Amino acid sequence: MKEQPKKEVHYNTEVWVNPTTESLRNKECLCFNCCKSNPGEKNNCPIAQMLYEICKKENVALIITRCPHFEG
């Protein structure tokens with residue numbers, strides 16, 4: 001790893017964070033940059049919705065780098 005993981009508080013829970021990928025997530029994640037991604041809304045991409053539910057339940061964050069349905 002480029003930088004060592006560090007503990008941070010997200011949504012009132014202490015979690016480990018990889019600073020290198022965390023700083024890239026908003027800019028580089030396909031879901032964050034896809035027209036079909038609307039977390040929590042009825043018109044959300046079904047794949048993004050499944051990932052969102054996992055992230056919400058487990059207090060994790062994902063960066064998606066591959067998707068057959070991406071629309072920029």
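From a predicted model like this one, the values you see are computed outputs, not experimental measurements. Side-chain atoms are counted along with the backbone in the values below, which use heavy atoms only and exclude waters and symmetry mates.
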Straight-line distance of Gln4 CD to Thr20 OG1, nearest 0.5 Å: 9.5 Å
Distance, nearest 0.5 Å, that separates OH of Tyr52 from CG of Leu62: 13.0 Å
Inter-residue atom distance Lys2.NZ - Ser23.OG, 0.5 Å rounding: 8.0 Å
Closest contact, heavy atoms only, Asn26 versus Asn33: O-ND2, 3.4 Å
Side chain to side chain, Lys56 and Glu53, heavy atoms closer than 4.5 Å: yes
Min side-chain heavy-atom separation Asn44-Ser37 under 4.5 Å: yes
Any Glu28 side-chain heavy atom under 4.5 Å of Ile63 side chain: yes
Shared hydrophobic cluster for Ile47 and Phe70 (ILVMFWY, side-chain gaps under 4.5 Å): yes
Pairwise distance CD1(Ile64) to CZ(Arg66) - rounded to 0.5 angstrom: 10.0 Å
Glu3 CD to Glu22 CD distance, which is reported to the nearest 0.5 Å: 11.0 Å
Cys35 to Asn38 - nearest heavy-atom pair and separation: O-ND2, 3.9 Å
Side chain to side chain, Asn18 and Pro5, heavy atoms closer than 4.5 Å: no
Distance, nearest 0.5 Å, that separates NE2 of His69 from SG of Cys31: 11.0 Å
